Number of protein chains: 4
Amino acid sequence: LPVVLERYLEKAGVMQKLRPYLDASGQVKNEFARCLMAEFFGTLLFQMFGGSAPAKDTTAPAANGFALVAVIYAFANISGAHINPAVTFALICTGHMKWWKGLLYMIAQILGAIFGALIYTSLIPALHLGAGAGSPGCFGPSAGVKNGDVFGWEVMMTFLLVMTVYAAAVAKPGHGNTAPLAIGLSLYAAAISGGPYTGASLNPARTIGPAVVFTCNVGISFLYIVAEFFGAACAAGLSIFLYGRAPDSVRR
Amino acid sequence: LPVVLERYLEKAGVMQKLRPYLDASGQVKNEFARCLMAEFFGTLLFQMFGGSAPAKDTTAPAANGFALVAVIYAFANISGAHINPAVTFALICTGHMKWWKGLLYMIAQILGAIFGALIYTSLIPALHLGAGAGSPGCFGPSAGVKNGDVFGWEVMMTFLLVMTVYAAAVAKPGHGNTAPLAIGLSLYAAAISGGPYTGASLNPARTIGPAVVFTCNVGISFLYIVAEFFGAACAAGLSIFLYGRAPDSVRR
Amino acid sequence: LPVVLERYLEKAGVMQKLRPYLDASGQVKNEFARCLMAEFFGTLLFQMFGGSAPAKDTTAPAANGFALVAVIYAFANISGAHINPAVTFALICTGHMKWWKGLLYMIAQILGAIFGALIYTSLIPALHLGAGAGSPGCFGPSAGVKNGDVFGWEVMMTFLLVMTVYAAAVAKPGHGNTAPLAIGLSLYAAAISGGPYTGASLNPARTIGPAVVFTCNVGISFLYIVAEFFGAACAAGLSIFLYGRAPDSVRR
Amino acid sequence: LPVVLERYLEKAGVMQKLRPYLDASGQVKNEFARCLMAEFFGTLLFQMFGGSAPAKDTTAPAANGFALVAVIYAFANISGAHINPAVTFALICTGHMKWWKGLLYMIAQILGAIFGALIYTSLIPALHLGAGAGSPGCFGPSAGVKNGDVFGWEVMMTFLLVMTVYAAAVAKPGHGNTAPLAIGLSLYAAAISGGPYTGASLNPARTIGPAVVFTCNVGISFLYIVAEFFGAACAAGLSIFLYGRAPDSVRR
Ligand SMILES: [Ca+2]
Ligand SMILES: [Ca+2]
Ligand SMILES: [Ca+2]
Ligand SMILES: [Ca+2]
């Protein structure tokens, strides 16, 4: 079958166009292109399974936490598996990533989230583009929750997530093969406690994807995104005090 | 007691027949035979505990995710613990496994799933052979879910599972001793989100086993199986772009 | 404070009696005595937290699975943390443990379970010795479940548990620091699926402890215990085929 | 943006004051100061997410267990991530920590818990300072639970937690990168079983923080704290028998 498929793609002219970019084993030659692919597909899958989970007690936290665990395991050895523009932003702040590379990561992540939301739009009966607030994956404050509360929760939750990312996967020695688990479980815990107030986004791509696809909570989304980047910047700041900036970036 | 049992088996002539296939320590000499035994018993146990779990919120996802974790830990060092014809199919596609070995793996897996379903048929009161749709472990679309939705969910869920398998357990460096956990948690997350639509099979053996034992949803099972193999093939394709084909298979 | 306590014990004459058995650092000199202490306290804690957990969906499975994870991590480097006479029995069968050492392990485990049940008897309001069937930690078949079903479920669940023990913690290479997690999650999964039928004991000490303390289901307890040892023996048998007997036991 | 922020802080005179304490990479020079920062922020985050979790079945246990996992991963490589005065007390008892260092750890932990509770006070609608018993994170016995029961449960739960800490993270060889997981899961299991009786604190800082912020259960808090330290001392005692005192402390 795979040979059949490959021959079919060959006939259709797809393989000929791809070949210059692939080595003999079929791997994409350009390492950074592989990174962007990993961020795109990683965020797509994270949006797909995290965003479509039913919200109830530990149900959505488990789906989001464990989907993040799986997706980080799946793509960590390619791109580092940020899967989150706030994580990428923090790493730019601390000198672990060049800003233009980070910007391309973020674009790949946001496109991934949009495609992820598009896919479950087509797979969930009665769901459609522009379905508005309350669509799966949309974030907005619960009844009685003020904008300041949303801001504070998203800051604190993203702070926990990004501190865990630094300790587990960025600083040396980190936590090796258990890093993805550490990071996913920080989201699981945050989502149980903060979820009832903000829905627990912690991730600008996860905020933007459904907002674009369902035109939901567009006004408040900006607040979420600012809070997420701010929480990540706070974690970057504390991580500088605890671990220092990236070794090569000291002379920046 | 074990000595008693062994003597009893000796008397019954079972040990004499087995002896030529065993070394001095009692281990089955043929490595590939051990692999098939691992795939058979692994899938049997996975079907037994995953298929018989009550379906509710995180209950069935936890049973299936953690049963898969346990079973992969239990048999990974023998056969690689595919436990899933879609995983085996993907590894054939990327040149990590010879097709005829893979085919025997798949047969062992499907037989394991059938026996697993048979065992719980006998252990669950009032359940019987041919009990039809709704029997524990049977997969079928929920009310209002169209065939295209079933296809899409099973493709995406299997895609996540098989990408995690590649990154954690096939590509070098993988994720060592945490690989079974990564793979099981990808199923846990997928089953929370996709379960409400398709029941979350992700595994042709898990689809076939109960369909055979309970004669349930036989028509739709084919759709599940095609979707699962297709999702695995997509993951195989992406894994070629990210990691390349198996080193020895380049000159194939 | 610890110095105060130590002086108090010194005065009371406790330290003088202990001293001959301790080295300069306070460690118990006899390694096997440390093993028995680990099995006693490990099973005590496992009974205490596993046995007193409320039974609901994933609640009891999580408490039992994660208590087992914690207890194995806590005592694995002392005694191997069997915490279960069925595990010890399997290791005797495959030549990994001398029978008289195993017997002492089992006694320590059963005493631990009895003390664990005694402790929560005193800490749960309105619970008392001899409170009978339905007391926390007591095992018995659910309504409509026949003796044969109880036997089958306990065999299969213990089989899964002990296979995971062999692969993760006994065979070489095992799964290192993730072994306790693998074993605990096998119990978690088994307890979700089999719990509704038998309560999911998988462990003769866990069966005996509450039966002694609450005089509950004494008749049926024998069936549980036989099933658990039988399931463990089956796993020992399969493990001989897959890994062989213990290296030193071949010439036994 | 980070450059902008840094320049802004520079102008405001904050950076000038900090500079003498930082090395060229921005890291705080004094190692023990970094430890106290880690204990402060770690306990703050643990209080924030553990204390504000809704109490229901596995919901609060999961939030607390996984928040502890995340926080230990996040700060273990800085301060050892005690996050709990009872853990610090045990390590003083067994000679792993100087008493005055431990005292400063405890102060950092208690301040962290107070700030953590303050933060969610401001972020949860209608919650305010001094809101009294029943405020999120407050511990008190459930209806019908006597003081002796509270004492016993907290002793036993803290005993399990601290034994896991010793085995996983203090004794050699410990459990490496899986230690935080082991410790967090011991809390998860304890909280499922003991939570219905005492709320499952296991941690004097977690007891004190909300008691101070909400003036709740102040009388009973003393009992919790004594029980937690006593349980930790028991674990310290058993750990001396199993592993011996800290190597350097033998001649103390
Ligand atoms: Ca649709
Ligand atoms: Ca039957
Ligand atoms: Ca009592
Ligand atoms: Ca407020």
Side-chain angles (χ1 to χ4, degrees), chain A residues 57-58 61-62 65 89 92-95 142 144-146 148-153 156-157 159-161 163-168 171 173-179 181-183 185-194 196-197 229 233 236-238 240-247 249-251, chain D residues 1-3 5-6 9 18 21-28 33-34 37-38 41-42 44-46 48-54 56-60 62-78 81 116 119-120 122-126 136 176-181 184:
Chain A
D57 296 339
T58 58
F89 175 70
I92 296 172
C93 291
T94 53
S142 307
V145 176
K146 280 172 283 182
D149 300 339
V150 165
F151 187 84
W153 276 110
M156 292 305 298
M157 291 192 287
F159 180 73
L160 173 68
L161 180 79
M163 280 313 297
T164 310
V165 169
Y166 271 103
H175 292 289
N177 284 330
T178 55
L181 201 61
I183 298 164
L185 291 179
S186 76
L187 173 59
Y188 194 141
I192 290 180
S193 298
Y197 304 100
F229 281 125
L238 181 55
I240 289 175
F241 289 145
L242 295 180
Y243 306 105
R245 282 191 192 75
S249 75
V250 174
R251 282 138 300 165
Chain D
L1 270 85
V3 178
L5 188 74
E6 223 172 274
L9 291 174
L18 285 176
Y21 306 103
L22 307 179
D23 71 10
S25 77
Q27 194 184 27
V28 170
R34 293 203 301 271
M37 289 172 69
F41 282 105
L44 183 153
L45 289 166
F46 182 41
M48 165 99 207
F49 293 104
S52 64
K56 212 189 140 209
D57 294 341
T58 59
T59 308
N64 278 279
F66 292 157
L68 186 57
V69 170
V71 158
I72 299 178
Y73 273 115
F75 298 104
N77 287 339
I78 305 289
I119 292 172
Y120 67 71
S122 80
L123 298 181
I124 295 179
N177 285 330
T178 56
L181 201 62

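Order of the sequence lines sets the chain letters (A, B, ...), proteins ahead of strands, with each chain counted from 1. Computed from heavy atoms alone, side chains included, the values below leave out hydrogens, waters and symmetry copies. Given the structure is predicted, the values throughout are model-derived calculations rather than measurements.
The side-chain heavy atoms of A:Phe241 and D:Leu22, taken from C-beta on, include a pair separated by under 4.5 Å. When side chains are defined from C-beta on, D:Arg34 does not count as touching A:Tyr243, because their heavy atoms never get closer than 4.5 Å. Residues A:Tyr197 and D:Pro125 have side chains in contact (heavy-atom distance under 4.5 Å, counting atoms from C-beta outward). Within the 4.5 Å cutoff, side-chain heavy atoms of D:Phe41 are placed close to those of A:Leu238. The shortest distance between side-chain heavy atoms of D:Tyr73 and A:Thr178 falls below 4.5 Å. Taking 4.5 Å as the limit, some side-chain heavy atom of A:His175 sits within range of a side-chain heavy atom of D:Asn77.
Proximity to chain A (any heavy atom under 4.5 Å) is shown, for D:Leu68, by neither the backbone nor the side chain. Proximity to chain D (any heavy atom under 4.5 Å) is restricted, for A:Tyr188, to the side chain, taken from C-beta onward. Neither the backbone nor the side chain of A:Ile183 comes within contact range of chain D; no heavy atoms are under 4.5 Å apart. Both the backbone and the side chain of A:Pro173 have a heavy atom closer than 4.5 Å to some heavy atom of chain D.
Of the inter-residue distances, the one linking A:Ser193 atom OG with D:Asn64 atom CG reads 7.5 Å to the nearest 0.5 angstrom. Rounding to the nearest 0.5 Å gives a distance of 10.5 Å between CG of D:Leu44 and CG of A:Leu160. Distance check: A:Ile240 CD1 to D:Gln27 CD gives 11.0 Å after rounding to the nearest 0.5 Å.
The heavy-atom pair separating D:Ala53 from A:Ile192 by the smallest distance is CB-CG2, 4.2 Å.
Using cut-offs of 30° and 60° for the angle between ring planes, the D:Phe49 and A:Trp153 rings count as tilted.
Chosen from A:Tyr166, A:Phe159, A:Phe229, the residue pairing most often with chain D at heavy-atom distances under 4.5 Å is A:Phe159. Most heavy-atom pairs under 4.5 Å with chain A: of the set D:Asp23, D:Leu45, D:Val71, this distinction falls to D:Leu45. For chain D, the option among A:Ser186, A:Ala191, A:Gly176, A:Gly152 with the highest count of heavy-atom pairs below 4.5 Å is A:Gly152. For the options D:Ile78, D:Leu18, D:Thr58, heavy-atom pairs under 4.5 Å to chain A are most numerous at D:Ile78. Of the listed residues (A:Ala171, A:Ala233, A:Ala190), the greatest number of heavy-atom pairs within a distance under 4.5 Å of chain D belongs to A:Ala190. Looking only at heavy-atom pairs under 4.5 Å with chain A, the residue among D:Gly65, D:Ala76, D:Gly26, D:Ala33 that has the most is D:Gly26. Note on D:Ala38, D:Ser52, D:Ala67: by heavy-atom pairs under 4.5 Å with chain A, the leading option is D:Ser52.
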